[in-house]
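Quick caveat: nothing in here was measured; it's all calculated off a predicted structure.
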Amino acid sequence: MQSAIRRLSLAVPLAGLAGMIAIFFWVPTDAVQGLPQRIFYVHVPTALVSYLAFGLVLLGSIGYLKTSKRRWDALAHASAEVGVLFTGACIVAGMLWGRPIWGTYWTWDPRLTTTFVMLLIYVGYLVFRAMATDASRGARIAAVIGIVGFVDIPIVHYSVTWWRGLHPDMRLINLNGPQSLPWQMLVTFLWMTVVFAGLFVLLMLLRMRLEMAQDALAEAEAAFEEAADARARRQPAGGRPVPPVEPARGAAAG
């Protein structure tokens with residue numbers, strides 16, 4: 001994991017820099033929307049990555065309910081945190097695009113509304129976990145929230161098809177005909193999608209490592225408290241405290 005983190009920490013910023021150069025110096029300016037259209041290369045990839053993140057929340061939640069293994073819960077928890085981050089970035093980017101194009105930062109368009117609901121679902125997931133007093137029970141209920149909450153993802157995605165609103169229904173890749181984007185725009189969009197996916201993986205690995213470190217610390221604290229309790233039980237009533245066992249000199253030297 002450490003090696004992957006080190007490589008991604010180097011590759012993601014470099015790839016992101018190349019993507020920014022392409023966005024501002026290579027991709028042609030959109031004839032209708034002008035410069036605000038360039039927000040598209042951040043807005044859409046972050047939306048797609050948030051789908052990926054909440055898909056992993058679904059996978060981790062199902063895995064945890066079936067096996068009760070901690071690693072599935074850790075996967076769901078980390079994915080939810082990073083997914084909320086990307087959803088927030090997607091909404092902010094959309095608002096910055098909406099102000100010059102629609103004349104407002106926000107409107108209760110079906111896509112915007114369902115995306116906002118998606119954000120609330122997973123923020124609620126995280127808040128519930130943080131407030132749960134019983135970690136195991138909290139993880140199981142959070143897993144149910146993670147499974148039920150995923151119902152909103154296809155609603156978000158198909159909202160522009162099911163209900164006509166302001167948000168454009170743009171098919172980015174057409175396998176059966178001409179592409180809706182010039183090839184420079186399509187290549188840059190795909191590049192930025194890979195960049196944000198790489199950033200997602202990097203943040204996930206860092207969050208998972210932190211989760212493992214927290215688990216190890218909790219186990220060490222529990223072992224220390226158990227040893228302290230055992231030492232207290234061995235202590236005779238009214239007698240001198242039993243000194244802690246020190247490692248043998250030879251073992252310490254080794």
Practice problem: Side-chain contact test, heavy atoms from C-beta onward, threshold under 4.5 Å: evaluate it for Thr114 versus His157 and give yes or no. | Solution: no
Exercise. Answer yes if the side chains of Ser68 and Arg140 hold a donor-acceptor pair under 3.5 Å, and no otherwise.
Key: yes
Self-check item: Side chains of Leu65 and Val144 in contact at under 4.5 Å (non-hydrogen atoms)
Solution: yes
Quiz item: Would Val151 end up clustered with Trp163 when hydrophobic side chains under 4.5 Å apart are linked, directly or stepwise?
Solution: yes
Quiz item: Can you check whether His77 reaches Arg207 side chain to side chain, under 4.5 Å on heavy atoms?
Solution: yes
Practice problem: List the steps, then state whether side chain to side chain contact (heavy atoms under 4.5 Å, CB included) holds for Tyr41 with Met185. | Solution: CA-CA 9 Å; Tyr41 303 105; Met185 290 185 175; 3.0 Å; yes
Quiz item: What distance separates Thr67 OG1 from Ile62 CD1, expressed to the nearest 0.5 Å?
Solution: 11.5 Å
Exercise. Determine whether Gln37 and Thr29 make a side-chain contact, defined as any pair of heavy atoms from C-beta on separated by less than 4.5 Å.
Key: no
Quiz item: Nearest 0.5 Å, what's the OG1-CG distance between Thr115 and Asp109?
Solution: 8.5 Å
Practice problem: Begin with the C-alpha distance, continue with both residues' side-chain angles, and end with the deciding distance and a verdict on side chain to side chain contact (heavy atoms under 4.5 Å, CB included) for Val42 and Phe196. | Solution: CA-CA 8 Å; Val42 174; Phe196 280 107; 4.0 Å; yes
Quiz item: Would you find more than 12 non-hydrogen atoms of other residues, nucleotides or ligands less than 6.0 Å from Phe116 atom CZ?
Solution: no
Exercise. Please test Arg129 against Asp73 for salt bridge (Lys or Arg N to Asp or Glu O under 4.0 Å), starting from the C-alpha separation and ending with a verdict.
Key: CA-CA 11 Å; Arg129 291 191 64 111; Asp73 179 53; 2.7 Å; yes
Quiz prompt | Met20 vs Ile23 side-chain heavy atoms within contact, under 4.5 Å | solution = yes
Quiz prompt | Least distance between heavy atoms, Met192 atom then Gly19 atom | solution = SD-CA, 3.6 Å
Quiz prompt | Centroid-centroid distance, Trp183 to Trp26, less than 6.0 Å | solution = yes
Quiz item: How long is the span from the CD1 atom in Ile91 to the OG1 atom in Thr46, to the nearest 0.5 Å?
Solution: 9.5 Å
Practice problem: Considering non-hydrogen atoms only, spot the tightest contact between Gly146 and Ser61 and give its length. | Solution: CA-OG, 3.9 Å
Quiz item: Does one hydrophobic cluster hold both Leu14 and Trp191, with members joined at side-chain heavy-atom distances below 4.5 Å?
Solution: no
Quiz item: Which atom names give the shortest non-hydrogen contact between Ala78 and Met208, and what distance separates them?
Solution: CB-SD, 4.0 Å
Quiz item: Are Met212 and Leu210 connected in the hydrophobic side-chain network, where two residues link if heavy atoms are under 4.5 Å apart?
Solution: no
Exercise. Could you tell me which non-hydrogen atom of Gly83 sits nearest to which non-hydrogen atom of Ser50, and how far apart they are?
Key: O-CB, 4.2 Å
Exercise. Show your working on side chain to side chain contact (heavy atoms under 4.5 Å, CB included) between Phe224 and Asp229 and close with a plain yes or no.
Key: CA-CA 9 Å; Phe224 177 79; Asp229 291 343; over 6 Å; no
Self-check item: salt bridge (Lys or Arg N to Asp or Glu O under 4.0 Å) contacts touching residues 3-20 (sequence neighbours left out)
Solution: none
Quiz prompt | Non-hydrogen atoms of Ala93 and Ile39 that approach each other most closely | solution = O-CG2, 3.2 Å
Quiz item: Which value, rounded to the nearest 0.5 Å, describes the distance between Ser9 atom OG and Leu205 atom CG?
Solution: 9.0 Å
Quiz item: Under a 4.5 Å side-chain heavy-atom rule over Ile, Leu, Val, Met, Phe, Trp and Tyr, are Ile155 and Met118 clustered together?
Solution: no
Self-check item: Residue from Leu58, Leu59, Ile121 passing side chain to side chain contact (heavy atoms under 4.5 Å, CB included) with Phe150
Solution: Leu58
Quiz item: Can you name the nearest heavy-atom pair linking Phe54 to Ala80, along with the distance?
Solution: CE2-O, 4.2 Å
Self-check item: Test item: Leu75 and Tyr64 side chains (from C-beta on) under 4.5 Å apart, heavy atoms
Solution: no
Quiz item: Would Arg209 and Ile5 satisfy side chain to side chain contact (heavy atoms under 4.5 Å, CB included), going step by step from the backbone distance to the final call?
Solution: CA-CA 10 Å; Arg209 190 172 68 171; Ile5 290 174; 4.1 Å; yes
Practice problem: Can you measure from OG1 (Thr188) to CZ (Arg38) and round to the nearest 0.5 angstrom? | Solution: 9.5 Å
Self-check item: More than 12 heavy atoms of other groups within 6.0 Å of Phe128 CZ
Solution: yes
Quiz item: Are Leu190 and Leu186 close enough that some pair of their side-chain heavy atoms sits under 4.5 Å apart?
Solution: yes
Practice problem: Describe, in one word, how the ring planes of His167 and His43 are oriented to each other, choosing from parallel (under 30°), tilted (30 to 60°) and perpendicular (over 60°). | Solution: tilted
Quiz item: Would a hydrophobic clustering, with Ile, Leu, Val, Met, Phe, Trp and Tyr connected at side-chain separations under 4.5 Å, put Trp162 with Leu166?
Solution: no
Self-check item: Trp72 side, atom CH2; Leu56 side, atom CG - distance, nearest 0.5 Å
Solution: 9.5 Å
Quiz prompt | Sole residue of Trp102, Trp106, Phe40 in ring pair (Phe, Tyr, Trp, His ring centres under 6.0 Å) with Trp97 | solution = Trp102
